[in-house]
Colleague: 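Would you mind keeping the following structure in view while I ask a few things?
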There are 2 protein chains.
Amino acid sequence: MFSNSAKYAINAVLYLAIHSKGSEKILARDISGSISVPKAYIAKLLQELVRHDIISSERGPKGGFYLTEANRKVPMIQIVEMIDGEELFKSCVLGLAHCNEAKPCPLHEKISPYRWSLLTALEYNTIQDYADEISKNKSYLPQ
Amino acid sequence: MFSNSAKYAINAVLYLAIHSKGSEKILARDISGSISVPKAYIAKLLQELVRHDIISSERGPKGGFYLTEANRKVPMIQIVEMIDGEELFKSCVLGLAHCNEAKPCPLHEKISPYRWSLLTALEYNTIQDYADEISKNKSYLPQ
DNA sequence: TCCTAAATATGATTTTTATCATGTTTTTTA
DNA sequence: TAAAAAACATGATAAAAATCATATTTAGGA
Ligand code: FES
Ligand code: FES
């Protein structure tokens, strides 16, 4: 479904959302440990998330990663699309040029309503929305 | 979702189901051309499908690939599992040890209906079922 | 101002997946 | 019984994804 990188990025961002209150900063090292992804790997992903304005960072001692209010309002889909691209939900599961209502592949009818609802769930729910669910123990993070 | 190999295999098998009536055999070369996958690549996949009793073949001149009645009754899921493995539908999309109803990850609720729809569509429908839909122009194959 | 701790930039390596190639076996047919 | 046409087996190469490494820049604090 998602690439490893996309999974890791989602985990990292949600970890941040839950653990960095206000301007409290979290180190790449700590995120790495908590979500069990090698530091060098997650660091690279975090840097790209910063470049795309999905999370925020500060360098130097006392630096680290954190989320602004604006960051918290970013829809989840942006994390996925940053890494796996926009085609993920738009391409046909069997390889038709584009998923096509008019000339559907054999699996289209069975899956597209559910696929569409997944897409909208990622489009209309923000990082904060998902973090809230975790805080309320309605869902859990890996580890 | 599926690997390229799995997509190709599904396409190849459905092509076979539609074009090989009875004991009529289809060449790897023809399948390759029709579904736009390099011959050497699809040939390798076809051979593995034969080894798993999902399709049938005969060597030599007048040889080729075809489907027995038994082959036509094989559920689609077998093609996918042969190639992408059984974990595809059982593993958590965010990396929890296993997809878990009791302790779900933040995306579980959103994604489960999609995955479930895909899984059941593949488990409860046979190769022939899908071929019939295509023959009745209710769905189409790539290209 | 200098040292240190952090992110950042960049690129190298490894692993996996996708693709290509080539020789071997089987079977039909002349 | 020889030639040809097909699948089959095996492995080589290429491309992409995942992982690791290292030098640079920035900012805080002594
Ligand atoms: S998923 Fe194949 S056409 Fe929509
Ligand atoms: S728990 Fe993550 S997909 Fe079910």
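On a predicted model such as this, the values are computed, not experimentally measured, just so you know. A note on names: the letters A, B, ... follow the listed sequences, proteins ahead of strands, and every chain is numbered from 1.
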Colleague: Between P on C:dT17 and CG on B:Leu88, what's the gap in Å once rounded to a whole number?
Modeller: 12 Å
Colleague: Look at the side chain of B:Lys90 and the backbone N and O of B:Leu88, then say whether any donor-acceptor pair between them is shorter than 3.5 Å.
Modeller: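 Such a contact is absent between B:Lys90 side chain and B:Leu88 backbone.
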Colleague: Could you tell me the separation between the CD atom of B:Gln47 and the P atom of D:dG11, rounded to a whole number of Å?
Modeller: 14 Å
Colleague: For a quick test of reading the model: is some side-chain N or O of A:Ser57 closer than 4.0 Å to OP1 or OP2 of C:dT8?
Modeller: yes
Colleague: Do A:Asp132 and A:Ser135 pass the side-chain hydrogen bond (donor to acceptor under 3.5 Å, both in side chains) test, and can you show the C-alpha distance, the side-chain angles, and the key distance before you say yes or no?
Modeller: CA-CA 5 Å; A:Asp132 287 344; A:Ser135 301; 5.1 Å; no
Colleague: Among D:dA7, C:dA5, C:dA6, find the nucleotide with the atom closest to the side chain of A:Pro61.
Modeller: C:dA5
Colleague: Is there a donor N/O on one and an acceptor N/O on the other, under 3.5 Å, for the side chain of B:Arg59 and the base of C:dT25?
Modeller: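 Yes.
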Colleague: In this structure, how many angstroms lie between the C1' atom of C:dA5 and the CD1 atom of A:Ile26, rounded?
Modeller: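 About 16 Å, once rounded to whole Å.
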Colleague: Donor-acceptor check, side chain of B:Ser56 to backbone of B:Leu67, threshold 3.5 angstrom: yes or no?
Modeller: no
Colleague: Would you mind reading off the distance between A:Leu45 atom CG and C:dA7 atom P, rounded to a whole angstrom?
Modeller: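 Computing the A:Leu45:CG to C:dA7:P distance gives 14 Å.
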Colleague: 5'-most contact on DNA chain C: B:Glu58 or B:Ile83, nearest heavy atom basis?
Modeller: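 Upstream on the strand: B:Ile83.
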Colleague: Considering heavy-atom distances to DNA chain D, does A:Tyr41 or A:Lys62 have its closest nucleotide positioned more toward the 5' end?
Modeller: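 Result of the comparison: A:Tyr41.
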Colleague: Look at B:Ser3 and C:dT17 and indicate whether a side-chain polar atom (N or O) is within less than 4.0 Å of OP1 or OP2.
Modeller: no
Colleague: To the nearest Å, give me how far apart NZ (A:Lys39) and P (C:dT8) are.
Modeller: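 Taking NZ of A:Lys39 and P of C:dT8, I get 11 Å after rounding.
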Colleague: Looking at every strand, decide which applies to A:Ala28 at a 4.0 Å heavy-atom threshold: base, sugar-phosphate, or nothing.
Modeller: sugar-phosphate
Colleague: Could you say whether B:Asn4 or A:Val50 is positioned toward the 5' end of DNA chain C, judged by the nucleotide with the nearest heavy atom to each?
Modeller: A:Val50
Colleague: So, do B:His108 and B:Cys99 sit near enough that their side-chain heavy atoms are less than 4.5 Å apart?
Modeller: yes
Colleague: Starting from P on D:dC8, measure out to CD1 on B:Ile42 and report it in whole angstrom.
Modeller: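 Distance, rounded to whole Å: 13 Å.
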Colleague: Could you state the CD-C1' distance from B:Glu48 to D:dG11, rounded to the nearest angstrom?
Modeller: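 The answer, rounded to whole Å, is 15 Å.
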Colleague: Could you give the OH-to-P distance, from A:Tyr8 to D:dC20, as a whole number of Å?
Modeller: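 Rounding to the nearest Å, OH of A:Tyr8 and P of D:dC20 are 9 Å apart.
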Colleague: Base, sugar-phosphate, or nothing for B:Lys44, non-hydrogen atoms under 4.0 angstrom?
Modeller: base
Colleague: Taking only side-chain nitrogens and oxygens of B:Arg29, does any of them come within less than 4.0 Å of OP1 or OP2 of D:dA6?
Modeller: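 Yes, such a contact exists.
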Colleague: At 4.0 Å (heavy atoms only), tell me whether A:Leu46 reaches a base, stays on the sugar-phosphate, or touches nothing.
Modeller: nothing
Colleague: Looking at A:Leu94, is its backbone amide N or carbonyl O close enough to the side chain of B:Asn11 to form a donor-acceptor pair, meaning the two atoms are under 3.5 Å apart?
Modeller: yes
